[in-house]
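Just so it is clear, the values below take in all heavy atoms, side chains as well, and ignore hydrogens, waters and symmetry mates. Every value quoted in this text rests on a predicted model; they were computed, and no experiment measured them.
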There are 2 protein chains.
Amino acid sequence: MTAETPEQLFRKTLHARGYRVTPDRLRVFRHLLARPQPVAVAELADALQAEGTHPVTVYRVIDCLSALGVVHPVLLGSAVGFELSAPFRAHHHHLWCRGCGRLFDLAECELDPVIRRIEEVHHLKVEGHELTLEGLCDRCAARSEA
Amino acid sequence: MTAETPEQLFRKTLHARGYRVTPDRLRVFRHLLARPQPVAVAELADALQAEGTHPVTVYRVIDCLSALGVVHPVLLGSAVGFELSAPFRAHHHHLWCRGCGRLFDLAECELDPVIRRIEEVHHLKVEGHELTLEGLCDRCAARSEA
DNA sequence: GCTTAATTGCAAATTTATTGCAGAGAGGGT
DNA sequence: ACCCTCTCTGCAATAAATTTGCAATTAAGC
Ligand SMILES: [Mn+2]
Ligand SMILES: [Mn+2]
Ligand SMILES: [Zn+2]
Ligand SMILES: [Zn+2]
């Protein structure tokens, strides 16, 4: 048995919920898969127009992928970007650097114990979370120590 | 000595950085102070137009308050809202309920140890953070257990 | 292949945000 | 209180982002 590719899983996900597999949806998905950082929808629309996808369609596809949980919003400064969710992309968080303005992925997530405690205290059910740190990346931090 | 009011502190903050204390800035500040939840700028502009503040000015005031660190952006579903930062509003996080769509404040924050560890591992300097949980509020969680 | 409902393209409308410039107003000095 | 200067605001115009209605297209099931 060979491992299932992300795209195969994506097709299944669409299918399982009654959405159709279309060239535009695949194009958006592939673009996000290849992309290291979250994108604003407008920017995505610009980028994909070159590949033949109508901007309006990009907005509708993002709505679709959001409904499926395939993508999720991320805070980019004071704007919003989207990136793939698990299992298409490993769960992770972000650092927004005040020094150079770049956004970095932080692989680890040690929030589970914290969140489980919040659930108990407040009688909530937490199904997802999004954390953005703001500060200085390693490079900018080193420079500011001088 | 009587305690300093939030508005007095706000006036000082403006002053200290060379910004002027204007009626529009005070109106925006007071509105945010009275408001329990984050607002989108466009919505804020609508609301304040009734009080005589020009919409364009609201955008500019929010830029000013952001630069001062008096407000900060918060993820509202897939949009952005602004709310007062510390010390005008105690630091806290949010739960976005998938059931009823409401946004709740979560008073506690136990992220400091987690963040300090991330700083060490990655050699970063973290100066702020924003966490949004997604799930079910206590009411919706209770209902879904039935 | 045919049928049908979902999806897309297009044009238009809406909503949100930005910009340039002239006039109003805040703050510091006198 | 008056001036001066520089900031801030109003307005109108512009630009950018997002939504909508409808007709044409197309994916999926039979
Ligand atoms: Mn990321
Ligand atoms: Mn809040
Ligand atoms: Zn940096
Ligand atoms: Zn709820």
In whole Å, I'd like the distance from the [atom1] atom of [X] to the [atom2] atom of [N].
X	N	atom1	atom2	result
B:Tyr19	D:dT9	OH	C1'	16 Å
B:Leu44	C:dT16	CG	C1'	14 Å
B:Asp63	C:dT18	CG	P	7 Å
B:Leu14	C:dA26	CG	C1'	12 Å
B:Asp24	D:dC11	CG	P	11 Å
A:Arg17	C:dA6	CZ	C1'	16 Å
A:Ile62	D:dA17	CD1	C1'	14 Å
A:Leu48	C:dG9	CG	C1'	16 Å

Base C:dG9 to side chain A:Arg60, donor-acceptor N/O within 3.5 Å cut-off: yes
So among B:Val74, B:Leu95, B:Leu75, B:Leu111, which one has a side chain to side chain contact (heavy atoms under 4.5 Å, CB included) with B:Leu131? B:Leu111
Hey, what's the ring geometry for A:Phe29 with A:Phe10, parallel, tilted or perpendicular (30° and 60° as the breaks)? parallel
Between the main-chain N or O of A:Pro36 and the side-chain N or O of A:Arg89, is there a donor-acceptor pair closer than 3.5 Å? yes
Short side-chain to backbone donor-acceptor contact, B:Arg35 and B:Gln37, under 3.5 Å: yes
How do A:Glu43 and B:Pro55 order along DNA chain D: which one's closest nucleotide is nearer the 5' end? B:Pro55
Map B:Val56 and A:Arg27 onto DNA chain C by nearest heavy atom, then report which one ends up closer to the 5' terminus. A:Arg27
Does the side chain of [X] get closer than 4.0 angstrom to OP1 or OP2 of [N] through an N or O atom?
X	N	answer
B:His54	C:dA24	no
A:Thr53	C:dT8	no
A:Arg20	C:dA5	no
A:Thr22	D:dT26	no

Is it true that A:Glu127 and B:Arg98 make a salt bridge, defined as a side-chain N closer than 4.0 Å to a carboxylate O? yes
From the options D:dA17, C:dA17, C:dT8, select the nucleotide whose nearest atom is closest to the side chain of A:Ala42. D:dA17
Closest to the side chain of B:His15, out of C:dA17, D:dT18, C:dG27, is C:dG27
